[in-house]
Student: 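This is the structure I want to talk about, given as structure tokens.
Values below: all heavy atoms of this structure, side chains included; hydrogens, waters and symmetry mates excluded. The structure displayed is predicted, hence computed values, not measured ones. One is the number of the first residue; the rest follow in order along the sequence.
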Amino acid sequence: MAERIEGKNLFFNRELSWIEFNARVLNEALRPDVPLLERLKFLAIVSSNFDEFFRVRVASIKRAERSEPNAADLSSMTPGAVLKKISERCHELTRIQDETLVKDILPQLKKAGVEYIRADRLSESQRAFAESVFRHDIFPVLTPLRTDGITFPNLDAQSLTAAFLLEQMTGLHTKQNPLIPKEQENVMALVPLPSSISKIIWLPSENDRSALRQFTTVYDVLSLCGTEFFPGYKVKESLMFKICRDADFAVDEDAGSNFIQAMEEVLVKRRSAFAVRILCTDTSETLTGILKDKLSLSEQDVYLVQGILDPNSLLDLLKIENAAQYLYPEWKNFSTPSLTQEETLWSSLRTQDILLNVPYESYEPVINFIRTAARDENVLAIKITLYRIGNDSPIVHALQEAAQNGKQVTAFMELKARFDEKRNISMAEELENSGVIVVYGVVGLKVHAKICLAVRKESDGIRRYVHLSTGNYNPSTAKTYQDFSLLTSNRDIANDATLFFNVISGYSAVQSMHNLCMAPVTLKSRLMELIDREIKQSAYEKPGMIVAKMNNLCHKEIIEKLYEASRAGVRIKLNVRGICALVPGVPGMSENIQVVSVVDRYLEHSRVIYFQNGGAEELYLSSADWMERNLDRRIELMFPIKHPAVFTELKENLFLYFKDNTHASTLGADGIWTPVKAEGHKDIRAQEELYRKYKKHAEAAKSLPRSEFTVRRKD
């Protein structure tokens, strides 16, 4: 998996490393100690991850193979070699995923009282019921498509499609349809399934005394009743498939005032882009071959499954009556009272910085910060960056309310957030219609920083309040993504926040910010300086230390600098959730570097960096991973933790991840991730330890005497 290259530096291939992250996610679905429906969710996550991977990364490599077939990447692999390795490993993982669903999870579901019935196993009464559902609920919604034209239909890459191999019946005295060519013995027809249609069909009980609930899928019903779409034809074979098309399109950055139109054109292009992969049920070799040829795919681009094509289709099972006993026990999101009450928000932030660790702690304080600012008559202006915001966002509603209340509200909406473009375009229009000033990103760069600034008039003058985060302004993902937020009124940080917004909103030249580091201007150079400082301060008797947590690490310059630090004796601990191109544990180069990854019920999403700094420790949070796109081609922020209590809490949280021995894996120099074992020691599950910690904090807060009094005033 790794190649030795110039200067003795070693690098893993980023794509193959990303695949191994998904292998770790898939491993959660294989664990018998994980609740049954959670295992199903992990299978669904793997499917969604691979869809995006093929649409973006594999598509990009395929284009590189055509344009520069001999160009080697950081790991010294050519595009063709990478594609071959991707195909081999992804086929293996697809097989494991399929077998886990068919041979393990579905049988376990039956034991739990929920049974999947294939079309060929339906009883007579169930078959009649399925046919009735088809005629009344399915048939009117779907539209069959011919495939005898020159071009293949533009099918939605997110939707599943049924394919039918048809043979024209003989001896029928029917009028010839002039739209269909004569004498076609074998033709293929397609029936796309809209995402809105329910994928699970519950069947009537065969036995009133049985507690077993049975279901089939819309795909089974289609295979059973598909002939009704094609009168005069016989269905010889059928299958379900899904196409992954190239989605790695760049928008015309010079479109100027037509930028939104240019973005919409990109969305249209995705529907007809070249196919990268096709995922099919293994029920028809003939249809698979036809689809492969029509889509100009090779054998290595075809992925076959025996069971249900997409585990996401089964997620409605999470709504069954007794689902709770097959899911993780509920972990509440604990709240901070002083930050959820409008009357105490500003006073709390004037005296202290607040660190939020979601989803252990509620995301409500972030929403309340913006909502309170919108309603407070003393708040003059709100500025915010928006990347992925989710549907029906309370934050968007609060910004609209603020604008309608006469405040100056500026939203930096990143339209280029891949696969969220349509939603962001719609949200931007809604904000503009409400009076919000919307800035559509920055030419040539994605605005990925997460920051909100509220400017408030107070008795002693203007005070600014800042929210900075490692994650998006998205209350939905905040329920499952682990991220840190900092709420502060620190004047130095607030000054830098003002400069930051001035830089990205107009013609302001990049000004010197003393606390915030902004990519692509100063963030990377600052990281290099901090690592260099650790190298200089490191000694044999007291080695330096760097501890960092991030999603991905594949920036060549940063990795080489970490190797240099390791050779200088600096102890480096890295928690990398996903891609890691750095090779740890190589004598004389990276023997002082440890890489771990934690995959558990929450998605680890925060970026935290610790420097020992000769005892004068420093901690930073950041929106940026250590990747070229983040440090060189995006607007990102890294910010320091100054408040002593916040510093202590964040450091404890960061170091805890390296104690996990139940859901952690370590990366070896051979590229293999090995699960960490307790080996006789106490089991330590980092996420569970954090949950208990915040639960204890919340319980302690409830027992404290009230420090404020309710004062009655005359109305």
Side-chain angles (χ1 to χ4, degrees), residues 21 24-25 28 33-34 328-329 331-334 336 353-362 469-471 478-486 545-553 571-578 580 584 592-613 617-622 625-626 640-641 643-667 673-701:
F21 159 62
R24 298 194 296 280
V25 176
E28 292 297 299
D33 60 329
V34 172
Y328 283 128
W331 284 359
K332 294 181 179 180
N333 309 122
F334 302 107
T336 307
D353 289 357
I354 302 292
L355 181 74
L356 293 177
N357 187 357
V358 298
Y360 307 102
E361 294 183 286
S362 170
S469 180
T470 64
K479 296 175 182 176
T480 54
Y481 284 31
Q482 185 280 320
D483 274 301
F484 289 109
S485 284
L486 179 71
M545 177 177 284
I546 299 170
V547 184
K549 179 179 182 292
M550 66 199 72
N551 299 322
N552 301 299
L553 168 59
R571 302 293 186 260
I572 302 170
K573 294 176 177 289
L574 303 173
N575 183 313
V576 185
R577 188 197 77 208
C580 183
N592 291 317
I593 303 178
Q594 173 194 8
V595 179
V596 304
S597 176
V598 173
V599 178
D600 202 345
R601 66 184 287 174
Y602 293 148
L603 181 79
E604 294 297 336
H605 190 253
S606 61
R607 294 90 167 181
V608 192
I609 312 107
Y610 165 89
F611 295 95
Q612 185 173 269
N613 190 25
E617 303 168 304
E618 291 183 354
L619 260 174
Y620 298 85
L621 291 173
S622 179
D625 285 317
W626 291 358
I641 300 301
H643 194 282
V646 172
F647 188 102
T648 300
E649 180 184 352
L650 183 60
K651 181 183 174 183
E652 288 176 355
N653 289 354
L654 173 62
F655 279 65
L656 176 61
Y657 284 99
F658 297 91
K659 299 178 182 179
D660 191 303
N661 56 23
T662 62
H663 286 74
S665 300
T666 58
L667 178 62
W673 289 88
T674 304
V676 178
K677 301 295 183 183
E679 296 180 350
H681 300 289
K682 174 188 174 183
D683 285 354
I684 299 177
R685 182 183 176 192
Q687 292 191 358
E688 187 171 23
E689 293 291 323
L690 288 168
Y691 170 74
R692 289 174 177 171
K693 170 183 174 179
Y694 288 102
K695 180 181 180 182
K696 184 177 180 180
H697 286 179
E699 290 172 347

Student: Under a 3.5 Å distance rule, please check whether N551 uses its side chain to pair with a backbone N or O of G578 as donor and acceptor.
Tutor: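 The answer is no, because no donor-acceptor pair under 3.5 Å joins these two groups.
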Student: Are any of the side-chain heavy atoms of V599 and H663 separated by less than 4.5 Å?
Tutor: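 With C-beta onward as the side chain, the pair stays apart.
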Student: Going by the angle between their ring planes, with limits at 30° and 60°, are Y602 and W331 parallel, tilted or perpendicular?
Tutor: perpendicular
Student: Is there a side-chain contact between I572 and N592, using heavy atoms and a 4.5 Å cut-off?
Tutor: no
Student: Does this structure show an ion pair linking R24 with E28, if we count only N-O contacts that are shorter than 4.0 Å?
Tutor: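 Salt bridge absent between R24 and E28.
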Student: Would you check, one step at a time, whether the test side chain to side chain contact (heavy atoms under 4.5 Å, CB included) holds for D660 with V676?
Tutor: CA-CA 8 Å; D660 191 303; V676 178; over 6 Å; no
Student: For W673 and S597, work out which heavy atoms get closest and say how close.
Tutor: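 Reported closest heavy-atom pair: CZ3-CB, 3.4 Å.
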Student: Listed by chain and number, what are the ring-ring contact (aromatic ring centres under 6.0 Å, His included) partners of F655, not counting sequence neighbours?
Tutor: Y610
Student: Which heavy atom in P584 sits nearest to a heavy atom in L667, and how many Å separate them?
Tutor: CG-O, 3.3 Å
Student: Minimum heavy-atom separation for K682 and N661, please, with both atom names.
Tutor: O-ND2, 3.0 Å
Student: Nearest 0.5 Å, please: how far is CD1 in I641 from CG in L619?
Tutor: 7.0 Å
Student: Do T480 and L603 make a side-chain contact, defined as non-hydrogen atoms from C-beta onward lying under 4.5 Å apart?
Tutor: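 With C-beta onward as the side chain, the pair stays apart.
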Student: For K696, enumerate each residue passing the side-chain contact (heavy atoms from CB on, under 4.5 Å) test, keeping only those at least two apart in sequence or located in another chain.
Tutor: none
Student: I'd like to check Y328 versus D600 (side-chain heavy atoms, cut-off strictly below 4.5 Å). Are they in contact?
Tutor: yes
Student: Would you indicate whether the side-chain heavy atoms of F334 and E699 approach each other to under 4.5 Å?
Tutor: no
Student: Measure the spacing between CG of L650 and CG of L621 and express it to the nearest 0.5 Å.
Tutor: 5.0 Å
Student: As an exercise, state the distance from OG1 of T470 to CE of M550, rounded to the nearest 0.5 Å.
Tutor: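 Rounded to the nearest 0.5 Å, the OG1-CE separation comes to 12.5 Å.
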Student: Are any side-chain N or O atoms of E649 and backbone N or O atoms of A645, one a donor and one an acceptor, separated by less than 3.5 Å?
Tutor: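 No.
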Student: Just do the side chain to side chain contact (heavy atoms under 4.5 Å, CB included) check on V547 and K651 with the steps written out, would you?
Tutor: CA-CA 10 Å; V547 184; K651 181 183 174 183; over 6 Å; no
Student: What distance do Y360 atom OH and E688 atom CD have between them, rounded to the nearest 0.5 Å?
Tutor: 10.0 Å
Student: Would you give the length of the straight line joining atom CG of L654 to atom CD1 of I609, rounded to the nearest 0.5 angstrom?
Tutor: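 With rounding to 0.5 Å, CG (L654) is 9.5 Å from CD1 (I609).
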Student: Are C580 and L574 close enough, and set up right, to give a side chain to side chain contact (heavy atoms under 4.5 Å, CB included), and what steps lead you there?
Tutor: CA-CA 10 Å; C580 183; L574 303 173; 5.6 Å; no
Student: In terms of side-chain geometry, is the basic nitrogen of E652 or K693 positioned less than 4.0 Å from the acidic oxygen of its partner?
Tutor: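 A salt bridge is present here (some side-chain N lies under 4.0 Å from a carboxylate O).
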Student: To the nearest 0.5 Å, tell me how far I546 CD1 sits from K573 NZ.
Tutor: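 Spacing of CD1 (I546) from NZ (K573) equals 13.0 Å.
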Student: Determine, step by step, whether L690 and Y657 satisfy the side chain to side chain contact (heavy atoms under 4.5 Å, CB included) criterion, reporting the C-alpha distance in whole Å, the side-chain angles of both residues, the deciding distance to 0.1 Å, and the verdict.
Tutor: CA-CA 10 Å; L690 288 168; Y657 284 99; 3.5 Å; yes
Student: For H605, which of R577, Q482, K549 qualifies under side-chain contact (heavy atoms from CB on, under 4.5 Å)?
Tutor: R577
Student: If you look at every heavy atom in S469 and S485, which pair is closest and at what distance?
Tutor: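 The pair with the smallest heavy-atom distance is OG-OG, 3.4 Å.
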Student: When you measure from the centre of the six-membered ring of F658, is the NZ or CZ of R571 closer than 6.0 Å and no more than 45° off the axis?
Tutor: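 No, R571 does not sit over the ring of F658.
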